[in-house]
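Okay, so here's the structure we're looking at.
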Amino acid sequence: MAECTVVLKDGSERSVEKGTTLAELAAAISGRLGREAVAGKVDGVVVDLSTPLVQDAAVEILTLNDAEGLAVMRHSTAHCMAQAVARLYPGTKFAIGPVIENGFYYDFADHDFTPDEFSDIEREMQAIIKEDLPIRREEVSRDDALRLFEERKDRFKVEIIQDLPEGTQLTLYRQGEFVDLCRGPHLPSTGRIKAFRLMSLAGAYWRGDSKREMLTRLYAVAFAKKSELDEHLKMLEEAKQRDHRKLGKELELFMFSEDAPGMPFYLPNGLVIRNELESFERALQVEYGYQEVRTPTLMNQRLWVESGHWDHYRENMYVSEADEELYALKPMNCPGHMLIYRNKLRSYRDLPLRISEYGHVHRHELRGTLGGMMRVRAFTQDDAHIFCRPDQIGQEVERVLALVAKVYGVFGFTHHIELSTRPDDSLGSDELWNQAESALQAALDGAGVTYHINPGDGAFYGPKIDFHIKDAIGRTWQCATVQLDFNLPIRFDLEYIGEDGKAHRPVVIHRAIFGSVDRFLGILTEHFAGAFPLWLAPVQVRVATVSHDFADYGAAVEQKLKAAGIRAEVDLRGEKIGYKIREAQVHKIPYTVVVGEKERDAGTLSVRRYGTGDLGTMNFADFVAKVKEEVASKELLKV
RNA sequence: GCCAGCGUAGCUCAGCAGGUAGAGCAACUGACUUGUAAUCAGUAGGUCGCAGGUUCGACUCCUGUCGCUGGCUCCA
């Protein structure tokens, strides 16, 4: 019998008879691996365990501990859900059911689902799992597959097959009475499916095309263990508790009105935080050589034609008329900054020119996409444009990287970086693109950061770097961005006079760090769960009097704290001290200072820290020094 | 813009085979004068998102509309 040699994950080699399946190999390696195997990988391709080995190859056995193994199980769980739906609601048509982060979804048509049906579907899925149906792969010709799904009037599957070239070999996966067109791979049987939960239902267009049929998408999560599922559900619950919309209301940070959908109103508390964020960043920007400007909100249509926004972004712009001319609210700050650059003759000595703006922009986003601070129609960008020579790109990007790291570090965010390179349809010469991409890469390498490259994902006008921050409960948010732009300098015919006395074209670097200040505030609210570090806290110290007798002393303490530059307020109400303390804690106020007879007589304060508890008695000067020190260091709250 | 769900007091929510609304917290008043996460009692507060329709009668059913939520889509 012929043999072939497989190289395993640990580098060891093993001879097996040709025709040995991966399942058999797994069992031969170890009993445990045989039981835990869910799929295999042959020369880097994920395949079913039933796949026979026919030639020398690098082989890996996948279990649920491998991301790819887990994905296989999620995919099989999607089939299981589809089978349950087919059993419960005959006539339902099936579109696609891919794996997504934490789980999968499946798109259906011809049945109106309601969330009430989730438990029925889950119960049927459990039944299918208990039946432990073998999942079998079948290779079929394109014509046979077409015939099968035409017979079943499965219009989506038929369309998918029709879009494949003639003569393509297709695969079907069968489990009991259920069959689905699928590339696979899958688990060996339905009994191997572990923990899952149906989560939500949503509309989704067939093939993501808004002109086509709207399907019903069922979302579900699936994990290798029940404990992991529970952990995930707990995280979602935690996220709900931290939701900035809930906390924004409770802590009176901001509000929304039907009269201005998607446009946040800042309440006094929220504005304190926002102002602190801006002045923190503003000081750093001065240090990093930025000059702050402010450009108009409403500008003539001519400008938007020149910038190209009128042709490419018109749908999202608010337009108004005055003096029989069209004006538009700025959706971006760049065109205004181009005008500032062009306002006078620029020399190479002026470059790099870094201009920043807290620019309030309006974008008419589709109604259905709005959500809290995360997706709005009016927001403020911490925008900046750096005008430089092509050979300065590298050093400028490095400066931005350093600034971004400094800003994020203060909030305790870690971040990862993605570099998006030249897309197919792009503007600018090969030379410029190559220079720009290598400058970005060199800057990233020089900064010693790791990054992920998204080839072809850049904007048509230049490559970009995106920063994704990770918050306290592990979610990531894309915030900062650095984008090179070869387009705007051309459109606005920007020039500088070089050493050679001739006119040259500068490169523009767009950059934002918070991105949207408003959204960043939302992210921070969730990151800190509303318990902001002292320097950001709207109220830093709440003075609580034990009874009316100490009102004078309490009011005097408040005044002295305010005079020391501390955001303080006093609670003089005729409530019990326990009640006042509870309220201060519920509002997540960092320090509560209790004053009663002892404190008044000794001229001291009794200090309580949010998240820590009673810190004991302090004299006024020590407390002020402590608070000021904590504010200055921007110390993160230790809970 | 599309699909689904939701919209009742300042907040969180209950209610109704269709007979014009209720709780807790907050607010206000009074009593209590309080020592580290909720003192007691009382009062007030709503054209049930808005506009039409069906009905003797609509918060409840229907249509439209606005807003919110979850997705889709779009994202120079």
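Letters A, B, ... are given to chains in the order of the sequence lines, protein chains preceding strands, and every chain is numbered from 1.
- Ring geometry for A:F113 against A:Y89 counts as perpendicular: the plane angle is over 60°, on a 0 to 90° scale with 30° as the lower cut.
- The same atom, P, is picked in B:U65 and in B:A21; the two are 30 Å apart, to the nearest Å.
- Residue-level contact check: A:G371 touches the backbone only, with heavy atoms under 4.0 Å from sugar-phosphate atoms and none from bases.
- Checking A:N619 against A:T604 by side-chain atom types alone, no donor-acceptor pair falls below 3.5 Å.
- Looking at heavy-atom distances under 4.0 Å, A:Y219 makes contact with sugar-phosphate atoms alone, never a base.
- With both ends at atom P, the span from B:C50 to B:C59 equals 10 Å, rounded to whole Å.
- When heavy atoms are screened at a 4.0 angstrom cut-off, A:G596 is found touching base atoms of the nucleic acid.
- Looking at which nucleotide of RNA chain B each of A:F460 and A:A202 is closest to, the 5′-most match is held by A:A202.
- Note on A:R245: only backbone sugar-phosphate atoms sit closer than 4.0 angstrom, heavy atoms only; bases stay farther off.
- Heavy atoms of A:L366 sit under 4.0 angstrom from at least one base atom.
- Heavy-atom contacts from other residues, nucleotides or ligands closer than 6.0 Å to CD of A:E315 number 12 or fewer.
- Comparing B:G49 with B:U60, their P atoms are spaced 8 Å from each other, to the whole Å.
- As rounded to the nearest Å, B:C74 and B:G15 have P atoms that lie 40 Å from one another.
- Evaluation of the side-chain contact (heavy atoms from CB on, under 4.5 Å) rule for A:V319 yields A:W310, A:R314, A:L326, A:A328 as partners, not counting sequence neighbours.
- Among the atoms of the strands shown, base atoms are found under 4.0 Å from some heavy atom of A:E575.
- Atom name P, nucleotides B:A51 and B:U12: the rounded distance is 23 Å, in whole Å.
- In this structure, A:Y106 has its ring center under 6.0 Å from that of A:F108.
- Contacts of A:E306 classified as side-chain contact (heavy atoms from CB on, under 4.5 Å), with partners at least two apart in sequence or in another chain: A:R342, A:F492.
- Using atom P as the reference point in both B:A41 and B:A26, the two lie 13 Å apart (nearest Å).
- Across all strands shown, A:S307 has heavy atoms under 4.0 Å from base atoms, whether or not it also approaches the sugar-phosphate.
- Looking at heavy-atom distances under 4.0 Å, A:M332 makes contact with sugar-phosphate atoms alone, never a base.
- Applying the ring-ring contact (aromatic ring centres under 6.0 Å, His included) criterion to A:H468, with sequence neighbours excluded, gives A:H416.
- Among the atoms of the strands shown, none is found under 4.0 Å from any heavy atom of A:L215.
- Across all strands, A:D311 comes closer than 4.0 Å to no nucleic acid atom at all (heavy-atom distances).
- Chain A approaches RNA chain B over the interval B:G1 to B:A76, counting the first and last nucleotide 5' to 3' with an atom under 4.0 Å from its heavy atoms.
- When heavy atoms are screened at a 4.0 angstrom cut-off, A:K249 is found touching the sugar-phosphate backbone but no base atom.
- Annotated stems with RNA chain B as a participant read B:1-7 with B:66-72, B:10-13 with B:22-25, B:27-31 with B:39-43, B:49-53 with B:61-65, given as range with range, by first number; only runs of 3 or more Watson-Crick or G-U pairs under 3.5 Å qualify.
- Considering CZ of A:R519 and CZ of A:R375, their distance stands at 9.0 Å, rounded to 0.5 Å.
- With sequence neighbours excluded, no residue forms a ring-ring contact (aromatic ring centres under 6.0 Å, His included) with A:F550.
- To the nearest 0.5 Å, the span separating CG on A:D518 from CE on A:M374 amounts to 11.0 Å.
- Residue contacts for A:R217: at a heavy-atom cut-off of 4.0 Å it reaches the sugar-phosphate backbone alone, with no base atom in range.
- A:E583 comes within 4.0 angstrom of nothing in the nucleic acid, heavy atoms only.
- Comparing the P positions of B:C61 and B:C48 gives a spacing of 15 Å, expressed to the nearest Å.
- Of the possible polar contacts, one joining the A:E437 side chain to the A:R422 backbone as a donor-acceptor pair under 3.5 Å is found.
- For the P atoms, the distance linking B:G30 with B:G46 amounts to 22 Å, nearest Å.
- Nearest-nucleotide mapping onto RNA chain B: of A:P261 and A:H312, the residue sitting toward the 5' end is A:P261.
- A:Y205 comes within contact range of at least one nucleobase, with a heavy-atom separation under 4.0 Å.
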